[in-house]
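These notes are about the structure you will find just below.
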Amino acid sequence: MPERPSIDGIEAPIIEQWDRDGLYRFDRSKRRDEIFSIDTPPPTVSGALHMGSVFGYTHTDCIARYQRMRGREVFYPMGWDDNGLATERRVENFFGVRCDPAVPYDADFEPPATPPKDKLPISRPNFVALCQRLTEEDELAFKALWTRLGLSVDWSLEYATVGVRSRRQSQRAFLRMLARGEAYSTEAPTLWDVDFRTAVSQAEMEDRDHPGAYHRVAFPRVDGDGAIEIETTRPELLASCVALVAHPDDARYRPLMGTSVRTPLYGVRVPVVAHGLADPEKGTGIAMVCTFGDTTDVVWWRDLDLPLRALIGRDGRFGPATFGAPGWESADPAAANEAYAQIAGKTVRQAQAVVVDQLRTAGALVGEPTPIRHPVKFYEKGERPLEIVTSRQWFVATLRMRDRLLELGGQIDWRPPHMEHRYRAWVEGLNTDWSISRQRFFGVPFPVWYPVRADGVADYAHPIVPDEDRLPIDPSSDLPPGYDAAQRGIPGGFVGDPDVMDTWATSSLTPQIVGGWVDDEDLFERVFPMDLRPQGPEIIRTWLFSTVVRSELEFGVLPWRHAMINGWVLDPDRKKLSKSSGHVTTPMGLLEEIGSDGVRYWAAKGRPGTDTAEDMGQMKVGRRLAVKVLNASRFVLGRLGDAAVPGVDAATAPIDRDLLTELASVVDEATAALDRFDYARALEHTESFFWRFCDDYVELVKARAYGERDDDDARSARAALGTALSVLLRLLAPFLPFATEEAWRWSHADSIHSSGWPTREELAEGAPHGVLDATSWVLGAVRREKSAAKVSMKAPVASVVVHGPAARLAAIDAARGDLLEAGAIDRLELADGDDAVDVELAGSSAG
RNA sequence: GGGCGCUUAGCUCAGCUGGUCAGAGCAGCUGGUUUACAACCAGCCGGUCGGGGGUUCGAGUCCCUCAGCGCCCACCA
């Protein structure tokens, strides 16, 4: 035991010891009902390390440590989410490269020392290698942080979402969905990011307020006089207009239903149709339907069985079109083609300016454009509005599962409960199946090939699939059964699916990946369905939702019983992620400065679902608590000497039994709170009692416990001190794993984290008699008097006269000796009367 | 447009099924240093619990309503 205990630097040796002892190693011999399994979120390693990274993970660790001390075998894995766009984008910027599948593989490739201004095109294998190189470094940084934070994960269970296991499970689960008809591919309008050049799922898109303008455009009638005026924010899409649509009940347009108009500039005849989604209040009450300007267009196109005139390509530019050709019939093909030639090849933005000019010249623009701001769909990581392009994509049929998914959501134990609303709102609002294919390079490939027909076109309706035991495969280099390499890409041969899976298509399988589904059924049965899914609120609609989907499709059950949703970390000014402060907090720096226990304390104060400001003050309070734990432990244990702590039965003095009885209630409360994932409340109760223990109880009994005497009274105090300390350390262990471990090891050979969670049975039975309370009350009055007189707390007191009800006076009398010594009191009188404590300091002339 | 959450001392937050619930920590102020702890200890100051209405013997605690803040969802011409 050190002379002057310090929490600085205690982490490293303790972590080493834990590692040597294999303290957190999962024991797979345990039965399912003895196991507590956690579906840990794999952090996106390409993201920066920030305080949000330590916040939620600390909560999970507090629960894990509690369950472990309760005797459960804790299955606590850690993974890294390293696939996906975030990594690709980061690799592109970090190395100054971009992936170009047409570039041949260069075995000796090394990225330039400094990233070139123009990104260097490199092959897909080289690109993937760089992705892996960068994420490996990221993963080491994360692992160092988690370790230092004291997460009690079993590092032998580490995995990566792009690793072999993840690829195998992703491909296996996909093939099974395909076989069951739950996954399908189709050519369909798809939300598309023109910069990333990939499909985007409903879950990945967000609304942004974006400037635009209403343009009023007149469509001349074909079978009548005059024109119909519509308003649009996307006049550049006029060439892909396929109809005008108004509400069926709108009296203004009802007579026009079934008639036709011609598009300005292009002279294409389009019908006037009715649909309930048309809003009579908006614009002129009648809208132009284009293929496609927004998701409503898709609905109209589908519901009304309108023709397709798609023009915007995957690069976000207008593609070729021939007016006069079938499907593009025009009153004046030559003029139409001339008009269109001026926007072909242009971006949406450039085209809009051109078309507006053309419309104005043609006299079809009514008035001038009216600027507005309106919500526009963006990919959440994108910079330009999403377009809708037609492309072949893989989907999982989630729409038809909606009712079952809602039912399952109702069976999850949500913490906090109101988080179910987010899930429910999302499921109820689903309007497309889950799109899982992405036109990217660094990810899990779809494990399918397609036969190439004699005409050179791939036969998507009949994919060729590998046997499961071959997985994982890459269809771009591996061969389908029965084909040889020379047949790749030629008529009569085959072609591999070029796409990779969306990140969520893999991470939705985390229980299967960590649990060893199929590969290790013995393990899987011991940990699945899992107990706890901890995660952030922003990925309820993605990770949580998709995990439920996959578990339902594969097993027909929920993947876990409890979902604990953490809140946001706000910057010290309570604004999210403001960069104005300039001072960017790095978690590792804080852990080194404050100590891991202090940072954990701050995190553990944040309840599930509650946003929490980054608060250096709270962390310092936690640090102080950790220091106090060491000092109090040293005092209690040090003075007990080498003699063993007397058993709890030796605690016979009323105030000692009182302490232990009250502590038993704290154990009950903390246990109940942790059982319902309210770690913050458990900490609060324990902390508050711990300070009372230090400030009042220890002060009151230290003379008796450590004085000259060695009688029953002294042994009673020592028994209570030793017992209470042991219980308090264990109650604090899930929150302050380092300080409690340090103190515990002064008197134990084993780790506190493998010791048992304290129970009421270890402590005194019976109701408290108010001895500690009443005595503390008098001691407080004495301290107040000394403070007011500005004298030392050790200043002698001539006399104390206590008035109060008889029961309380009796309680005080029971601890008379302790009180006299702790307060340096010469004479103590107890008398009936209204509550009052009259204190007369020694040498004071006043009464 | 719909939904969810929040609004309690200067700051960060507790207040679980309505009756010692008006609390804690930080900050501030006043004191105290040498036998656990000065990165400490003791004490003090400080709030008509966002506004308004209602239910009740009694309401931060339940209901209605308004306001502000935050978040989620939305078919956005």
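Labels below follow one simple rule: chain letters A, B, ... track the order of the sequence lines, proteins then strands, and each chain is numbered from 1. Keep in mind that the numbers below use all heavy atoms, side chains included, and drop hydrogens, waters and symmetry copies.
- Spacing between U7(B) and C66(B) at atom C1', rounded to whole Å, works out to 14 Å.
- Distance, Leu386(A) CG to C75(B) P: 13 Å, rounded to whole Å.
- For Arg624(A) and C26(B), the shortest distance from a side-chain N or O to OP1 or OP2 is below 4.0 Å.
- Contacts of Arg681(A) with the nucleic acid, taken as non-hydrogen atoms under 4.0 Å apart, include base atoms.
- Listed pair Arg607(A) / G15(B) meets the phosphate criterion, a side-chain N or O lying under 4.0 Å from OP1 or OP2.
- Shown here, U7(B) forms a base pair with A67(B); the pair counts as Watson-Crick or G-U wobble because both key distances fall under 3.5 Å.
- Atoms CD (Glu204(A)) and P (C73(B)) sit 13 Å apart, rounded to a whole Å.
- Residue contacts shown for Asp303(A) are absent, as no nucleic acid heavy atom lies under 4.0 Å away.
- Arg692(A) has its CZ atom 14 Å from the P atom of A42(B), to the nearest Å.
- Under a 4.0 Å N-O distance rule, the pair Arg783(A)/Asp696(A) qualifies as a salt bridge.
- Judged by the 6.0 Å distance and 45° axis criteria, Arg623(A) is not positioned over the aromatic ring of Trp602(A).
- In this structure, the CZ atom of Arg422(A) is 15 Å from the C1' atom of G2(B), given to the nearest Å.
- Here Lys702(A) pairs with Glu699(A) in a salt bridge; the nearest charged N to carboxylate O distance falls below 4.0 Å.
- No donor-acceptor pair closer than 3.5 Å links the side chain of Tyr253(A) to the backbone N or O of Ile228(A).
- Comparing Ile230(A) and Gln618(A) by the nucleotide of RNA chain B whose heavy atom lies nearest to each, the residue mapping closer to the 5' end is Gln618(A).
- Glycosidic conformation at G25(B) (O4'-C1'-N9-C4 for purines, O4'-C1'-N1-C2 for pyrimidines): anti, more than 90° from 0.
- Taking side-chain N and O atoms only, Lys702(A) has no distance below 4.0 Å to OP1 or OP2 of U35(B).
- Nucleotides G10(B) and C16(B) have their P atoms positioned 22 Å apart, rounded to a whole Å.
- In this structure, Gly780(A) and Asn631(A) both approach RNA chain B, and ranking their closest nucleotides by distance from the 5' end singles out Asn631(A).
- The C1' atoms of A67(B) and A24(B) are separated by 29 Å, rounded to the nearest whole Å.
- Proximity of a side-chain donor or acceptor of Lys786(A) to a complementary backbone N or O of Ser792(A) within less than 3.5 Å is not detected.
- Applying the Watson-Crick and G-U wobble criteria (two distances, each under 3.5 Å), G58(B) pairs with nothing in any strand.
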